[in-house]
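Below is one structure, written out as structure tokens; comments come after it.
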Amino acid sequence: SGVHSYSIQWDYQDDFRNANSHSASCSSTRFGNCSLSQLLDPYPRLYVFYGLTPNDIYYVQAAARNGVEVQSIDPSGSSPDDTNWSAIFTARPADQKPDAPVLLMAYALARNGIKILFDPPVKDGGQPVDKYLFSWSTHGNFSISNSVSVDASSMDVLYPGDTLIYDLILENPSIIPGIPHFVRVQAVNIIGSSKAADTDAIIPSGPPNAPKKVLLTTLSVDDLPMTETTVEWKIPEGVGSDGGDNIDGYLIKWWSGRKSPEIQRETEVRLV
């Protein structure tokens, strides 16, 4: 007949004496004996048992069950019945690196910033997550990147134990307006860093840089009163100087330095 369930045993003794005792169950501590329906999990079969002592060696074996009843044999032998157990495997439980953060989202935040939102990892690896590592790059494979480590206790949260928020705002030019950037986040505990959670491309944008080399010129001699002046400037130069979008106009302001009621005028020059 077909397999309808599985038996799993684990024990800190290599002869499974505790797992074969009456005190062993699916929830017993440091050893156990548990029967699982074949339909509980898809392939590959997966079962997690708890109540172990860190750094102890544990022995594990599994057996398939069908409609044929288990037959008792000489109890003084190595096996109390005729179950065909698998090979014995060993494992040593220990604290691990945390899982990666989940539900990661990122948005452009002005010309030199990115707002990052994410949820903490589902599993912390047995040790609290004390830092998050934020990396950003203009290369999707992060072959060239920058990073910053932030204490978890300093992170803003929407609600306790919920979504975390970090505003990545830099004064240096490592975030360039108008250029696609990629962000990844890793959780860090005392054991090490998690795998990375990555975002899609984000394009920061904002106001352009100021014009350069502004020059005012006025006629020195004229038959008529001189009421005009000419202003010239150089357009902002360099990567990202346009703020991440095409410059389509300039705003010009002028005023008098005389001691009189202030009158300011301004005009906007649109580019055709």
Could you pull out all residues at least two apart from Tyr166 that satisfy ring pair (Phe, Tyr, Trp, His ring centres under 6.0 Å)? Phe134

Any ion pair linking Asp56 and Arg30 (charged N to carboxylate O, less than 4.0 Å)? yes

Any salt bridge linking Asp198 with Arg184? Criterion: basic side-chain nitrogen under 4.0 Å from a carboxylate oxygen.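 Counted as a salt bridge, because a side-chain N and a carboxylate O are separated by less than 4.0 Å.
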
Could you tell me whether [X] atom [atom1] has more than 12 heavy atoms of other residues or ligands within 6.0 Å of it?
| X | atom1 | result |
| --- | --- | --- |
| Glu228 | CD | no |
| Ile190 | CD1 | no |
| Asp162 | CG | yes |

4.5 Å side-chain heavy-atom contact, Thr163 and Leu103: no

Side-chain heavy atoms of Tyr12 within contact of Phe31, under 4.5 Å: yes

Could you check whether any side-chain N or O of Asn189 sits under 3.5 Å from a backbone N or O of Asp124, counting only pairs where one atom can act as donor and the other as acceptor?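 Between the backbone of Asp124 and the side chain of Asn189 there is a qualifying donor-acceptor contact (under 3.5 Å).
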
If only atom types and distance count, is the side chain of Gln127 paired as donor or acceptor with the main-chain N or O of Gly125 below 3.5 Å?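 Flag not set: sc Gln127 to bb Gly125 has no pair under 3.5 Å.
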
Do Ile169 and Leu133 sit in the same hydrophobic cluster, where Ile, Leu, Val, Met, Phe, Trp and Tyr count as joined when their side-chain heavy atoms come under 4.5 Å apart? no

Compute the centroid of each ring, for Tyr58 and then for Trp10, and state whether the two points are separated by less than 6.0 Å.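 When the ring centroids of Tyr58 and Trp10 are compared, they turn out to be at least 6.0 Å apart.
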
Measuring from Arg65:CZ to Ser35:OG, what's the distance to the nearest 0.5 Å? 7.5 Å

Should the ring pair Tyr59 and Phe16 be called parallel, tilted or perpendicular, given that the plane angle runs from 0 to 90° and is split at 30 and 60?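 Ring orientation, 0 to 90° scale: perpendicular.
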
Just one of Asn209, Ile235, Ile247, Asp248 clears the side chain to side chain contact (heavy atoms under 4.5 Å, CB included) bar with Asp242, so which one?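 So the option named by the test is Ile247.
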
